[in-house]
Structures are given as structure tokens and as C-alpha cells.
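Below: one structure, written as C-alpha cells.
Letters go in sequence order (proteins before strands), and every chain restarts at 1. The figures that follow rest on heavy atoms only: side chains count, while hydrogens, waters and symmetry mates do not.
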Number of protein chains: 2
Amino acid sequence: MSGTELSVLDALHKRRRTFVAGRDLVHQGQLDQAAYILISGWACSYKILEDGQRQIVDFQIPGDFLGLRSVLLHMSDHSIEPITDIEVTEVTVADLLDAFSQTPRLATAVFWAASRDEAMVVEHLIDIGRRAAAERMAHFLLELGARLSLVGLGSKAGFACPLSQYLLADALGLSAVHVNRVLRTLRESGMVTFRDGFVTFDSYSRLTEFAEFDPVYLDHTGPLLR
Amino acid sequence: MSGTELSVLDALHKRRRTFVAGRDLVHQGQLDQAAYILISGWACSYKILEDGQRQIVDFQIPGDFLGLRSVLLHMSDHSIEPITDIEVTEVTVADLLDAFSQTPRLATAVFWAASRDEAMVVEHLIDIGRRAAAERMAHFLLELGARLSLVGLGSKAGFACPLSQYLLADALGLSAVHVNRVLRTLRESGMVTFRDGFVTFDSYSRLTEFAEFDPVYLDHTGPLLR
DNA sequence: CGGAGGGTTGATTCCCCTCAAAATCAGTGG
DNA sequence: CCACTGATTTTGAGGGGAATCAACCCTCCG
């Protein structure tokens with residue numbers, strides 16, 4: 001990146017804020033609010049149906065954008081909840097547009113990040129649409145592990161994971177009860193263990209085969225910036 | 001839009017091409033290919049699993065981008081198939097980056113289009129994750145109708161629809177047999193009829209209530225360009 | 001006229017949901 | 001120190017929605 005690009009990037013990291021676990025930062029239907037870059041902690045974006053069911057669209061880990069789409073659509077079509085206490089830096093619409101006009105290549109980079117987000121949502125869609133519960137869980141844990149590894153928070157051995165079985169259920173379109181059963185079968189088959197806030201890949205290779213996991217869509221090298 | 005913006009837009013509409021129904025224009029895993037803007041006809045983007053199952057991610061109708069994400073990620077993570085014969089204009093990476101650097105506001109507009117795409121995928125995710133088959137079908141047909149209305153190809157009365165029940169099944173994560181049953185119950189309940197390539201909303205209001213359909217995420221006014 | 005693609009319906013199976021009830025654990029206050 | 005509460009995990013029993021398997025119909029088309 002060039003010097004100007006870096007300085008524009010720096011300018012985006014001015015307003016640092018923190019949020020406590022459980023209290024939404026963004027509400028479905030909210031207008032004109034800012035986006036954030038997640039510095040530390042975990043969050044999730046979700047939608048609530050009228051009957052109270054909820055579907056978690058994605059989990060965000062350090063380095064991810066929060067609410068980028070909301071900024072562009074001028075209204076949030078989903079809610080965002082911090083799962084742990086989180087630290088973020090705020091990015092306003094003005095910031096983004098400024099950055100875009102000053103350095104088009106930066107716009108491309110943000111665009112690329114958004115494309116990666118969408119690719120993850122698509123993979124999530126495949127998960128829920130066409131994979132059985134066990135494969136779905138396996139694929140989901142592998143994707144999470146791969147993403148965390150990219151930011152140094154995980155490896156092929158496993159990763160620390162603050163998610164409850166209820167959160168997993170809301171993300172995977174399952175009931176919490178069934179999540180528990182699926183985790184048991186995966187554990188007993190010796191592929192992966194989720195216990196005490198830690199996911200352990202007991203057999204990474206068998207798990208990837210079982211889940212048909214192909215991490216290309218997470219490839220972290222922003223190709224257009226090479 | 002300004003004059004330069006319009007001329008840049010014009011430059012994007014040079015290379016016009018046609019593709020016949022059924023033959024993929026983009027293959028999963030393909031490198032470095034172009035994006036397209038759909039002029040006429042219908043297409044769908046999908047992914048295939050190893051066991052041969054397929055999940056349709058989205059249908060594209062006139063005015064939509066095809067493969068925008070593939071361009072930015074430098075590789076296609078999905079395939080695109082024309083459902084009918086289609087007419088498109090080709091947009092290369094170079095075109096896009098040129099356009100971005102010449103007119104940042106145009107970049108924002110394209111970005112907004114991508115956000116809208118993602119919002120639709122998210123809504124699709126909710127559909128499959130948390131709605132029963134009948135609600136899912138109802139919601140899907142309403143969304144399609146709303147999108148088609150925006151480009152003058154539909155109304156609250158209904159729309160012409162070239163999709164087979166197999167395609168609907170692959171999109172909604174159902175079996176073709178079950179799609180047929182669901183369509184029957186919806187027809188017999190007097191809410192919507194899908195017959196002979198035409199979707200008729202027999203009772204638009206009851207259908208929207210039944211499906212909890214909220215079209216805000218399709219709002220067509222690109223807010224940032226106002 | 002035969003074959004392919006699409007639509008329709010019935011019978012059976014099974015995956016996952018719902019309901020229900022323990023067990024465990026962290027925190028909290030008496 | 002211990003009773004009490006709430007959140008989370010675990011396990012069982014029963015039911016239902018959707019898949020699968022299997023026909024049969026229709027239309028279109030080479």
C-alpha cells in the first residue's frame with residue numbers, strides 16, 4: 001500500500017469504543033448508524049422472526065467489519081450483538097466515502113472484504129440448505145477455525161470458542177437439543193470435541209473429509225491488491 | 001449522476017453477448033473471468049456438493065450483476081447457469097477498476113448493488129434456516145415478485161416465471177416432490193397459484209402476512225446517491 | 001411414435017423438533 | 001457455608017414434516 005492509503009486507513013481508526021456482552025449495538029430497522037471494525041472479542045449478526053425465532057447470519061471475530069452493509073443500505077436489516085465484551089473502532093459513512101474518493105484502491109480493498117463476507121454467507125446458506133446436521137456442524141466449526149487461524153487465534157489443533165449451544169443452534173438452524181446430540185456424535189466418532197469453551201480438532205483430516213470442507217473461499221490474500 | 005459518470009457507465013455497456021439456456025457461463029473454481037450485467041432472461045448462481053446435491057444461491061433477473069463477487073475474489077466460488085436464453089454485457093476487472101478510480105461515486109453505487117445482493121442472500125438464509133416449507137415458498141415468490149416489479153416485469157397480480165419445480169427445490173433446499181405438494185396447499189388455500197409458467201398472487205395481502213414478508217431490504221433507491 | 005422433461009400423487013421412512021426432566025455450574029445473598 | 005436462582009448442558013420419549021421411492025400423467029419435439 002502507498003503512504004496515502006496507509007494514512008487514510010489510520011484516519012479510520014480514531015474513535016475507539018467498547019460494548020458489553022449481550023447488549024445489541026445495532027438494532028434491526030435502525031437508521032443511519034455507523035459501521036465498526038472489531039478489535040477484540042466476538043459478536044454475531046442476526047435477524048429475529050415475528051414468532052421469536054432467530055437466525056444468526058454470521059459470527060464476527062477480530063478484524064471483521066460490523067454492519068458494513070447497513071451503512072451502504074442506509075438502514076440496518078439485521079441486529080448485532082456482542083457475544084463477549086468487545087472493543088471496536090467506529091467508521092462513519094463520511095469516513096468511508098472520503099476514503100473511497102481519496103484512494104480508489106482502498107475502496108477495492110473494502111469491496112473485497114465485503115465480497116468475502118458474502119462468500120461466507122453463501123457457504124452458510126449451503127450448510128443449512130443441503131447438509132445434514134452433523135456435516136453442518138463440522139463444516140461450521142472448520143470454517144470458524146480457519147478464520148480464527150488467519151488472525152492468529154486458532155490452528156488445526158483447535159481454538160477457544162465462547163459460543164453456547166444455543167448460539168450454535170441459532171446459527172445452524174437447529175434446536176439446541178439437537179446441537180447437543182450432534183456434538184456428542186462428533187465427539188464419540190473422534191473427529192472434534194467442543195467442551196469448556198474450547199474446540200479441539202481430534203482428527204482434522206477426517207473432519208474436513210466428512211464435512212467436504214474447502215477453504216478457498218476464505219483465501220486471505222486480497223487478489224486485486226497484489 | 002454527472003456527465004462523466006454516465007459516460008463511464010456507457011463504456012461498461014460495450015461488449016454485448018448472448019448465452020443459451022442450460023449451458024453454464026461460469027464454472028465453480030474458474031479463474032479470472034469477467035462479470036456481466038444481465039439484459040434479458042433469467043439465470044441462477046449455484047453450488048454443487050460432492051454428492052451431487054445442488055443449492056441455488058440466487059436467481060438473477062434483468063438488471064442484476066452476474067458474478068460480481070467472482071471478479072473481486074479473483075476466482076469463482078460458484079457456477080452460473082442461464083435458465084432461459086440470456087443477453088448480457090460483459091464487464092472486466094479492468095473496466096471496474098477504471099470506473100472506480102474515475103468516479104468514486106460510481107464505486108459506491110456498485111458497492112450498494114453488491115450490498116443489496118448480499119441482503120438477498122441473507123434473507124434467503126433466513127428462509128431456509130427458520131421458515132417451514134410453505135412459508136419459505138411464499139416468501140420466495142413474494143421476493144421474486146417484488147424484484148421483478150422493480151424492473152417492470154411483475155406486479156402485485158403476479159409475474160411470468162420460467163422456473164421449474166426442480167429449480168425451486170434446489171433454491172429452497174427442498175425436494176422437487178415436496179415443492180409440488182407445497183405449491184398445491186398454497187394454491188388450495190387461495191393465496192398464490194403457480195401454473196403454466198405464471199405466478200398469480202390470488203391474495204397478496206394474506207400471502208405477505210403468511211410469509212412475514214417485509215420488502216425493506218429490496219428498497220430500490222440507492223440511498224447514498226440521493 | 002418413442003423419449004425426455006416436467007408435473008402430480010401415494011406409501012413409507014427417518015431426521016430433527018418439541019416437550020420434559022435431570023445434572024452441572026457460576027453467581028448471589030442470607 | 002449453604003440455600004437459591006438462572007444459565008447451560010445432557011438425556012429420554014414421542015411426534016411430525018419432509019425425504020425417498022415409486023408410479024403415472026402430460027406435453028413437447030426430433
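Counting non-hydrogen atoms under 4.0 angstrom, Gly22(B) reaches nothing in the nucleic acid. Nucleic acid contact class of Ala132(B) (heavy atoms, under 4.0 Å, all strands): sugar-phosphate only. Residue-level contact check: Leu183(A) touches neither bases nor backbone, having no heavy atom under 4.0 Å from any strand. Gly197(B) comes within 4.0 angstrom of nothing in the nucleic acid, heavy atoms only.
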Contacts table for residues 156-171 of chain A: side-chain donor-acceptor under 3.5 angstrom, sequence neighbours left out:
| residue | atom | partner | partner atom | Å |
| --- | --- | --- | --- | --- |
| Ser164(A) | OG | Tyr166(A) | N | 3.3 |
| Ser164(A) | OG | Leu167(A) | N | 3.2 |
| Gln165(A) | OE1 | Asn180(A) | ND2 | 3.0 |
| Asp170(A) | OD2 | Arg54(A) | NE | 2.9 |

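Phosphate contact (OP1/OP2 of dT10(D), side-chain N/O of Arg184(A), threshold under 4.0 Å): absent. When the side-chain nitrogen and oxygen atoms of Asn180(A) are compared with OP1 and OP2 of dT10(D), one or more of them lie within a distance under 4.0 Å. Residue Gln165(B) has no polar side-chain atom (N or O) positioned under 4.0 Å from OP1 or OP2 of dG5(C).
Atom P of nucleotide dG6(C) and atom CG of Asp170(B) are separated by 11 Å, given to the nearest angstrom. The separation between Leu163(A) atom CG and dT9(D) atom C1' is 15 Å, rounded to whole Å. Straight-line distance from the CG atom of Asp196(B) to the C1' atom of dG6(C): 12 Å, rounded to whole Å. Counting to the nearest Å, the P atom of dG17(D) and the CD atom of Glu135(B) are 11 Å from each other. Rounding to whole angstrom units, CG of residue Leu186(B) and P of dT8(C) are separated by 13 Å. For the pair Tyr166(A) OH and dA7(D) P, the interatomic distance rounds to 10 Å; values are reported in whole Å. Regarding Met137(A), its CE atom lies at a distance of 11 Å from the P atom of dC16(C), rounded to whole Å. When rounded to the nearest whole Å, the span between CZ of Arg130(B) and C1' of dC17(C) equals 11 Å.
A salt bridge links Arg15(A) with Asp95(A): the distance from a Lys NZ or Arg NE/NH1/NH2 to an Asp or Glu carboxylate oxygen falls below 4.0 Å. Asp117(B) and Arg69(B) are not joined by a salt bridge, as no carboxylate oxygen comes within less than 4.0 angstrom of a charged side-chain nitrogen. Between Lys47(A) and Glu123(B), at least one side-chain N (NZ, or NE/NH1/NH2) sits under 4.0 Å from a carboxylate O, which counts as a salt bridge.
Looking at every heavy atom in both residues, Ser70(A) comes nearest to His78(A) through OG-CE1, 3.6 Å.
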Using nucleotides 18-27 of chain C, report all nitrogen or oxygen pairs with the protein that are shorter than 3.5 Å.
none

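Comparing Ala176(B) and Ala134(A), the nucleotide of DNA chain C nearest to each residue sits closer to the 5' end for Ala176(B).
Judged by distance alone, with hydrogens and angles left aside, the side-chain atoms of Asp58(A) form no donor-acceptor pair with the main-chain N or O of Ser45(A) at under 3.5 Å.
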Using the rule given for ring pair (Phe, Tyr, Trp, His ring centres under 6.0 Å), can you reason through Phe140(A) versus Phe59(A), listing the C-alpha separation, both sets of side-chain angles and the distance that settles it, and then say yes or no? CA-CA 11 Å; Phe140(A) 175 78; Phe59(A) 293 107; 5.7 Å; yes
